[in-house]
Amino acid sequence: MKTAILYDSATGNTAYLAQALKQEYPQAVYCTPQDCDIEQAERVFFGFWTDKGTCSERLQAVLPKLAGKEVFLFGTAGFGTSQEYFAQIIARVSEKLPDSCRVIGWYMCTGRMGEGVRKRYEAMCQVSETREKGEMLLRNFELAAAHPNEQDVAALLEQVRTKVRS
């Protein structure tokens, strides 16, 4: 079965996971939305960073190319660590897929955010009305700074091995 790894990565988090998949599937087509060649693939590992609760506009533009394919979704999100939160993101991405796709599994983990985000959160801490929320967001920022990591890669590969038939 011909496989493709299609991903978009704003900060390198999703690229890190995609690289692990490339090592697991060295014969797979490896591409981004800008150089996407997945027409012949039967299975696509679809990797995204969370942008406003779903995948990026660059990935949304190539969704029609996924028609008729098996799709394994994987992604990163700067906020949140719960599987319930991740499942909501996966549901929003899944809703955008062509009806003829078959989602065969998914994996998500926390991903580090850029310093611009930290500065916004720090600014929130300086205003009494937003201080509490800013402090909570800064704690999350610090937690996310260590992800994705080797444990996240191991969990992704375990999920893939469990859900994807060879």
Side-chain angles (χ1 to χ4, degrees), residues 4-24 28 30-36 38 44-66 71-98 101 103 105-160 163:
I5 302 165
L6 167 62
Y7 73 97
D8 190 26
S9 188
T11 60
N13 296 331
T14 308
Y16 179 75
L17 297 177
Q19 184 63 38
L21 287 170
K22 183 178 180 184
Q23 290 175 1
E24 187 79 1
Y30 188 73
C31 60
T32 63
Q34 296 86 341
D35 64 354
C36 182
I38 62 168
V44 177
F45 291 98
F46 184 84
F48 62 93
W49 59 280
T50 303
D51 183 16
K52 300 175 195 82
T54 189
C55 62
S56 69
E57 290 182 13
R58 285 188 297 262
L59 279 175
Q60 290 181 42
V62 299
L63 289 178
K65 294 182 180 183
L66 298 177
V71 178
F72 184 97
L73 300 169
F74 69 98
T76 58
F79 189 83
T81 59
S82 77
Q83 290 302 304
E84 293 80 20
Y85 174 67
F86 293 152
Q88 291 172 6
I89 296 168
I90 291 294
R92 283 190 290 275
V93 172
S94 295
E95 289 171 358
K96 297 178 183 301
L97 294 171
C101 282
V103 176
W106 64 271
Y107 175 80
M108 285 201 68
C109 67
T110 305
R112 69 187 170 284
M113 296 168 273
E115 284 302 310
V117 174
R118 177 196 291 273
K119 290 184 187 327
R120 282 198 311 269
Y121 295 166
E122 288 171 344
M124 290 175 72
C125 293
Q126 303 305 314
V127 178
S128 60
E129 295 83 23
T130 58
R131 179 174 294 122
E132 188 175 322
K133 183 175 182 179
E135 289 171 352
M136 182 270 301
L137 291 170
L138 274 174
R139 284 190 300 275
N140 179 77
F141 183 93
E142 293 301 325
L143 173 70
H147 294 275
N149 57 31
E150 291 179 15
Q151 289 81 18
D152 297 317
V153 166
L156 166 64
L157 295 178
E158 178 62 28
Q159 189 68 7
V160 166
K163 299 291 183 181

Salt bridge (charged side-chain N to carboxylate O under 4.0 Å, His left out) evaluation trace for E142 with R139 | CA-CA 5 Å; E142 293 301 325; R139 284 190 300 275; over 6 Å; no
Which value, rounded to the nearest 0.5 Å, describes the distance between W106 atom CH2 and F72 atom CZ?
-> 9.0 Å
Quick one: does V44's side chain get under 4.5 Å of K65's, heavy atoms only?
-> no
Do Y7 and L17 have side chains that get closer than 4.5 Å, going by heavy atoms?
-> no
Quick one: are M113 and N140 in side-chain contact, heavy atoms under 4.5 Å?
-> yes
Would you say the side-chain atoms of S9 pair up with the backbone N or O of A15, donor to acceptor, closer than 3.5 Å?
-> yes
Specify the closest pair of heavy atoms between S56 and W49, including all atoms of both residues, with the distance to one decimal.
-> CB-NE1, 3.7 Å
For Y85, does its backbone N or O pair with a side-chain atom of S82 as donor and acceptor, under 3.5 Å?
-> yes
Using a 4.5 Å cut-off on heavy atoms from C-beta on, say whether the side chain of V117 contacts that of L137.
-> no
Are there more than 12 heavy atoms of other residues, nucleotides or ligands under 6.0 Å from atom CD of Q88?
-> yes
If you round to the nearest 0.5 Å, how far is CG of L59 from NZ of K96?
-> 11.5 Å
Between the CD atom in Q23 and the CD1 atom in I5, the distance rounded to the nearest 0.5 Å is 10.0 Å
Is the backbone N or O of P33 less than 3.5 Å from a side-chain atom of R58, with the two atoms forming a donor-acceptor pair by type?
-> no
T110 and L143, any side-chain heavy atoms less than 4.5 Å apart = no
Provide the closest heavy-atom pair for N13 versus H147 in the form atom of the first, atom of the second, distance.
-> OD1-O, 3.7 Å
CD (E150) with more than 12 external heavy atoms under 6.0 Å | no
Does a salt bridge link K119 with E122, judged by any charged N lying under 4.0 Å from a carboxylate O?
-> no
Tightest non-hydrogen contact, residues A77 and I89, listed as CB-CD1, 4.0 Å
Decide yes or no on side chain to side chain contact (heavy atoms under 4.5 Å, CB included) for L73 and S94, but give the supporting numbers first.
-> CA-CA 9 Å; L73 300 169; S94 295; 3.5 Å; yes
How long is the span from the CG atom in D8 to the SG atom in C55, to the nearest 0.5 Å?
-> 8.5 Å
Backbone N/O of C125 and side chain of E135: donor-acceptor pair under 3.5 Å | no
Taking side chain as C-beta onward, heavy atoms only, is Y16 less than 4.5 Å from D152?
-> no
What about the rings of Y107 and F86, do their centers lie closer together than 6.0 Å?
-> no
Side-chain contact, heavy-atom cut-off 4.5 Å: L63 with L97?
-> yes
Exam field: side chain T14 to backbone F48, donor-acceptor pair closer than 3.5 Å | yes
When rounded to the nearest 0.5 Å, the distance separating CZ of R131 from CG of L138 is 12.0 Å
Identify the heavy atoms of G78 and A144 that sit nearest to each other, and give their distance.
-> O-CB, 3.7 Å
Quick one: are I38 and C31 in side-chain contact, heavy atoms under 4.5 Å?
-> yes
